[in-house]
*Asks:* 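There's a structure below that I have some questions on.
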Amino acid sequence: MSMAVQTREHGAREYRAEARFQRVSPQKVRLVLDLIKGRGVQEALDTAAFTKKRIAPVVHKLLTSAIDNARYLAGERGFDLDVDRLYVKSALANDGPRMKRIRPAPMGRAYRYQRRLAHIIVSVAEREHDSSLVTRVEERAALKAPVAQKKKAGKKAGATTEKVATKVKAGKKA
């Protein structure tokens with residue numbers, strides 16, 4: 001497993017860990033990774049620990065490595081890091097090289113099949129705001145106010161066009 005830190009243009013630091021050449025198909029890894037994307041690291045660790053997939057312990061170990069990388073690099077470079085605010089920013093499973101294998105078949109023939117390998121990358125970052133998944137009532141009202149005004153303006157404009165259209169139809173019938 002390798003470690004890296006990336007700094008984005010807006011200042012958010014991203015810490016990652018990689019596990020390469022894992023003997024499982026990327027599709028199967030993505031089933032576990034989709035469960036932890038966007039979650040806080042503690043919740044993601046719990047999810048990975050109790051998921052009944054063969055690759056789940058590897059994902060748990062990889063996530064732990066990414067958190068340790070964040071702690072280590074923050075200490076080395078003097079960053080102020082709050083581990084409780086870390087979340088899984090991205091989790092990818094890319095194709096690795098494929099191993100071509102041959103299985104015996106009836107009448108002296110052979111079937112070819114491929115054993116797939118995966119490269120798994122997990123990135124964690126610190127949440128910038130103390131925003132939770134819960135939207136407060138004041139925030140929702142502030143977001144809906146401009147939308148409600150646009151809808152009212154659209155309804156008024158739509159009503160005049162409907163009246164004109166019905167007058168035109170009535171004129172054609174007479």
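Below, all heavy atoms of this structure are taken into account, side chains as well, without hydrogens, waters or symmetry copies.
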*Asks:* I want to check a possible cation-pi pair here: Arg103 against Tyr111, using under 6.0 Å from ring centre and within 45° of the ring axis as the test.
*Replies:*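 No, Arg103 does not sit over the ring of Tyr111.
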*Asks:* Hey, are the side chains of Arg116 and Pro26 touching, using non-hydrogen atoms and a 4.5 Å cut-off?
*Replies:* yes
*Asks:* Identify the residue among Leu62, Leu63, Leu92, Ile120 that makes a side-chain contact (heavy atoms from CB on, under 4.5 Å) with Leu33.
*Replies:*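 The passing option is Ile120.
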*Asks:* Say whether Leu45 and Ile55 are linked into one hydrophobic cluster, either directly or through other cluster members, by side-chain heavy-atom distances under 4.5 angstrom.
*Replies:*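 Same cluster: Leu45 reaches Ile55 through Ile, Leu, Val, Met, Phe, Trp or Tyr contacts under 4.5 Å.
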*Asks:* According to a 4.5 Å side-chain heavy-atom criterion applied to Ile, Leu, Val, Met, Phe, Trp and Tyr, with indirect links allowed, do Tyr72 and Val83 form part of one hydrophobic cluster?
*Replies:*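 Same cluster: Tyr72 reaches Val83 through Ile, Leu, Val, Met, Phe, Trp or Tyr contacts under 4.5 Å.
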*Asks:* Taking the side chain as every heavy atom from C-beta outward, state whether Arg23 and Arg115 have any pair of such atoms under 4.5 Å apart.
*Replies:* yes
*Asks:* Looking only at non-hydrogen atoms, find the nearest pair between Leu117 and Phe21 and report the distance.
*Replies:*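 Result for this residue pair: CD1-CD2, 4.3 Å.
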*Asks:* Report yes or no: does Arg85 contribute a side-chain atom to a donor-acceptor pair with the main-chain N or O of Glu128 at less than 3.5 Å?
*Replies:*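 Between the backbone of Glu128 and the side chain of Arg85 there is a qualifying donor-acceptor contact (under 3.5 Å).
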*Asks:* Should Leu86 and Val122 be counted in the same cluster of Ile, Leu, Val, Met, Phe, Trp and Tyr side chains packed under 4.5 Å apart?
*Replies:* yes
*Asks:* Is a donor on one side and an acceptor on the other found under 3.5 Å between the side chain of Arg30 and the backbone of Ala93?
*Replies:*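 The answer is yes, because a donor-acceptor pair under 3.5 Å joins these two groups.
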*Asks:* Just wondering, more than 12 heavy atoms not from Arg109 lying within 6.0 Å of its CZ?
*Replies:* yes
*Asks:* Do you know the tightest heavy-atom contact between Ser90 and Glu14?
*Replies:* OG-OE2, 4.3 Å
*Asks:* Give a yes or no on whether the backbone of Lys61 and the side-chain of Ser65 come within a donor-acceptor separation of less than 3.5 Å.
*Replies:* no
*Asks:* Do Leu73 and Phe79 sit in the same hydrophobic cluster, where Ile, Leu, Val, Met, Phe, Trp and Tyr count as joined when their side-chain heavy atoms come under 4.5 Å apart?
*Replies:* yes
*Asks:* Looking only at heavy atoms, what is the nearest atom pair of Leu81 and Tyr15, with distance?
*Replies:*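 Residues Leu81 and Tyr15, closest heavy atoms: CD1-CE1, 4.1 Å.
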*Asks:* Counting neighbours of CD on Gln27 that are heavy atoms of other residues, nucleotides or ligands and sit closer than 6.0 Å, is the number greater than 12?
*Replies:* no
*Asks:* For residues Ala66 and Val124, report the shortest heavy-atom separation together with the two atoms involved.
*Replies:*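 The pair with the smallest heavy-atom distance is O-CG2, 3.9 Å.
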*Asks:* Measure from the side-chain N and O atoms of Arg71 to the backbone N and O of Ile67, and report whether any donor-acceptor pair falls under 3.5 Å.
*Replies:* no
*Asks:* Can you give me the closest heavy-atom contact between Asn69 and Ala17, atom names plus distance?
*Replies:* ND2-CB, 3.8 Å
*Asks:* Knowing that exactly one of Val32, Val24, Val29 qualifies, which makes a side-chain contact (heavy atoms from CB on, under 4.5 Å) with Lys53?
*Replies:*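 With Lys53 as partner, side-chain contact (heavy atoms from CB on, under 4.5 Å) holds for just one option, Val32.
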*Asks:* From Arg13 CZ over to Lys89 NZ, what is the distance, rounded to the nearest 0.5 angstrom?
*Replies:*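 It comes to 12.0 Å.
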*Asks:* Taking everything shown except Lys28 itself, do over 12 heavy atoms lie less than 6.0 Å from its NZ?
*Replies:*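 Result for NZ/Lys28: open.
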*Asks:* Tell me if a side-chain donor or acceptor on Glu126 pairs with a main-chain N or O of Asp82 at a distance below 3.5 Å.
*Replies:* yes
*Asks:* Using side-chain heavy atoms (C-beta onward) and a distance below 4.5 Å, is Met99 in contact with Arg101?
*Replies:*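 They are in side-chain contact.
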*Asks:* So how far is it from Ser123 OG to Lys37 NZ, rounded to the nearest 0.5 Å?
*Replies:*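 The NZ atom of Lys37 is 11.0 Å from OG of Ser123, to the nearest 0.5 Å.
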*Asks:* Can you name the closest pair of heavy atoms from Gly38 and Arg127 and give their distance?
*Replies:* O-NH2, 3.2 Å
*Asks:* Tell me if a side-chain donor or acceptor on His119 pairs with a main-chain N or O of Ala19 at a distance below 3.5 Å.
*Replies:*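 Answer holds: no.
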